[in-house]
J.: 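Take this structure, written in structure tokens, and hold onto it; I'll ask about it next.
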Amino acid sequence: MKVLSIAFNTFRENLRDKLLYNLLIFALLMIGSSLVLMRLTLGEFHRLILDIGLGSINFFGVLIAIFVGIGLVSKEIEKKTIYTIISKPVARFQFLLGKYVGLSLTLLINTAVMACGLLAVLSMQDVPIHAVLFKALIMIVVEFMVITAVALLFSTFSSATFSAIFTLALYVIGHLTPDLKAFGEKMGGVGKTILEGMYYILPNLDRFNLKGHVTHQLDVSTGDLLAIGAYGMAYTTFLLTLASIVFQRRDFR
Amino acid sequence: MNVDSEQIVTVDHLSKIFKVGFWGRRVTAVDELSLDVRRGEIYGFLGPNGAGKTTTIKMLMGLIYPSRGTARLFGRPVGDQAAKAKVGFLPESPYFYDYLTSREFLRFYGHLFGLLGATLDKRIDELLELVGMTHARDLQLRKFSKGMLQRVGIAQALINDPELVILDEPMSGLDPIGRKEVRDLIVRLKESGKTVMFSSHILHDAELLCDRVAMIMKGKLVACGQVSELIDHGTTQEVEMVVDRLSPEGIEELRPLAIKTLLHGERVMAIFGSQRQVDEALDVLRVHKAKLVSLIPHKASLEDLFIRKAQGVQQVVEVHA
């Protein structure tokens with residue numbers, strides 16, 4: 001109940017934030033722009049629409065996850081709004097969870113709106129829609145959830161600017177973890193141990209990327225999908241637990 | 001539980017040391033503070049800015065962890081959910097979710113206490129009425145003045161019908177009318193059986209309202225007790241006398257009796273520190289056939305005590321330095 005109230009309040013806060021609408025409009029314009037770009041390409045325009053569409057949904061969702069996520073807690077501390085919440089019978093982890101669920105809900109609805117835009121463009125151009133497209137969209141949402149948890153973790157102990165830098169860095173590295181492992185193997189010795197350690201500790205965000213499958217119309221089995229989803233959920237739980245531990249020890253000065 | 005049921009806030013040798021700056025310099029914000037708030041009273045928590053009032057209150061509300069010592073609310077350790085359910089809290093210069101309207105704002109806080117539906121709506125209407133904000137119930141908080149924010153802030157502190165209300169500087173930043181309204185509200189809360197603890201650096205307010213006060217300076221308790229007790233014990237009562245047509249000889253006789261004498265043409269103003277000196281001065285007036293214009297006892301106030309204590313603290317600090 002308390003978690004849901006905080007989640008709903010966070011969701012409402014997001015809805016009344018102009019940033020969200022600006023990003024959403026941009027995303028829809030990007031998706032729509034594939035219609036124009038299509039005329040400049042020879043053949044394969046189905047792939048182009050799907051590439052630009054899914055890419056836009058992913059890119060703008062990540063922007064929202066990072067830039068709203070880093071403010072979730074740090075803004076509450078900065079603006080001192082947290083004082084009135086923590087002094088009520090609300091445990092600190094409930095507050096954190098509420099904020100997290102609120103933003104996740106925002107991202108889910110945002111993705112749904114952007115996906116509708118993409119589906120509209122696809123049907124306008126008579127592009128066949130396969131089940132793998134929806135699977136890819138679900139995985140995009142799972143990736144948002146992991147990134148939101150990363151942003152939330154950073155926002156429990158550092159300022160908004162640093163949180164943004166850390167989260168962006170982790171997002172980029174998260175998409176390059178297989179390269180880390182490959183690079184480590186070439187290096188050998190201590191370098192290999194460190195890079196392999198990083199490979200296992202950092203989130204492997206590339207696992208959630210099914211855009212290639214969509215454009216090449218390669219289906220993903222339900223088993224694989226569940227495994228990737230479970231990985232995302234486990235990683236999110238790990239991040240949220242860590243955030244709760246950090247947050248529990250904090251003084252609100 | 002072996003806790004005096006009358007004491008609903010107990011602070012025992014509470015200390016908070018902050019580490020500040022890059023090198024983690026240690027600063028003691030609250031130093032071995034002990035006090036108790038009893039059921040049904042208005043308790044003033046006084047001290048100059050930066051004395052450690054807000055830090056202490058934050059420790060009571062579980063926002064800051066103490067470095068040493070303990071604090072209990074209703075006999076339970078601070079941070080306990082059951083204890084928090086019986087407390088209402090207004091932070092210093094409150095900032096709220098400014099994208100919410102008054103009603104949405106109060107509904108949100110009501111939900112945090114598990115209040116729902118018609119009961120909650122009724123409570124919200126009552127509270128908006130109580131703080132005189134019914135006209136602004138559908139207005140977003142971003143459009144509010146400071147006084148209006150303070151009012152909805154008080155309303156959110158009362159949403160759970162708390163037994164104990166803790167207000168951090170509830171009168172700061174308000175105009176005289178606003179301050180009077182807050183004072184009246186505090187009295188009404190006491191009348192309805194609630195216990196109120198509030199911090200302030202405006203001593204006049206405390207003097208009018210409080211049953212008991214604690215005064216802290218530089219994190220330490222410097223005085224504690226009933227207002228009347230503190231004023232009587234802690235300060236001497238001065239008397240101001242204004243006289244006309246006193247001869248120069250008379251003035252010379254008056255001078256050694258008074259703490260201070262001022263001459264304005266024919267008029268003499270003198271301040272005396274005791275009743276005996278006043279009596280002797282009156283004898284001088286009679287002998288010299290002067291005209292007594294006024295004789296006014298200066299009522300000792302918390303402010304005198306406060307300034308005296310502040311000077312004391314300053315001296316102690318200087319000696320140690």
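When reading the values below, keep in mind they use all heavy atoms of this one structure, side chains included, and skip hydrogens, waters and symmetry mates. In what follows, chains are A, B, ... by sequence order, proteins preceding strands, each numbered from 1.
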J.: Measure Q248(A) against the heavy atoms of chain B and call it side chain, backbone, both or neither at under 4.5 Å.
T.: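 Answer is both: backbone and side chain atoms of Q248(A) are under 4.5 Å from chain B.
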J.: Which region of L4(A), side chain (C-beta onward) or backbone (N, CA, C, O), has a non-hydrogen atom less than 4.5 Å from a non-hydrogen atom of chain B, or is it both or neither?
T.: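 When you check distances to chain B, no heavy atom of L4(A) falls under 4.5 Å.
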J.: With side chains defined as the heavy atoms from C-beta onward, is the minimum distance between R253(A) and K16(B) less than 4.5 Å?
T.: no
J.: Who among R107(B), Q156(B), M59(B) has the most heavy-atom pairs with chain A under 4.5 Å?
T.: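 Looking at each of R107(B), Q156(B), M59(B) in turn, Q156(B) comes out on top.
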J.: List the atom of Y109(B), the atom of I85(A), and the distance in Å for their closest heavy-atom pair.
T.: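 Closest approach of Y109(B) to I85(A), heavy atoms only: CE2-CD1, 3.9 Å.
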J.: State, to 0.1 Å, how close D251(A) and Y65(B) come at their nearest heavy-atom pair, and which atoms those are.
T.: OD1-N, 2.7 Å
J.: Under 4.5 Å from any heavy atom of chain A, what part of N160(B) do you find: side chain, backbone, both or neither?
T.: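 No part of it gets close to chain A.
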J.: Looking at every heavy atom in both K88(A) and L112(B), which two are closest together, and how far apart are they?
T.: CG-CD1, 4.3 Å
J.: What are the two closest non-hydrogen atoms of S5(A) and H111(B), and how far apart are they?
T.: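 Scanning both residues completely, I find the closest heavy atoms to be OG-CB, 3.2 Å.
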J.: Test Y97(B) against every option in R16(A), K79(A), E76(A) by the side-chain hydrogen bond (donor to acceptor under 3.5 Å, both in side chains) rule and name the one that passes.
T.: E76(A)
J.: Considering only heavy atoms, which portion of E92(B) lies under 4.5 Å from any heavy atom of chain A: side chain, backbone, both, or neither?
T.: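 The answer is neither part of E92(B).
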J.: Check whether any side-chain heavy atom of M1(A) sits under 4.5 Å from a side-chain heavy atom of L116(B), and report yes or no.
T.: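 Touching, per the 4.5 Å side-chain cut-off.
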J.: Measure distances from K86(B) to the heavy atoms of chain A and classify the residue's part below 4.5 Å as side chain, backbone, both or neither.
T.: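 When you check distances to chain A, no heavy atom of K86(B) falls under 4.5 Å.
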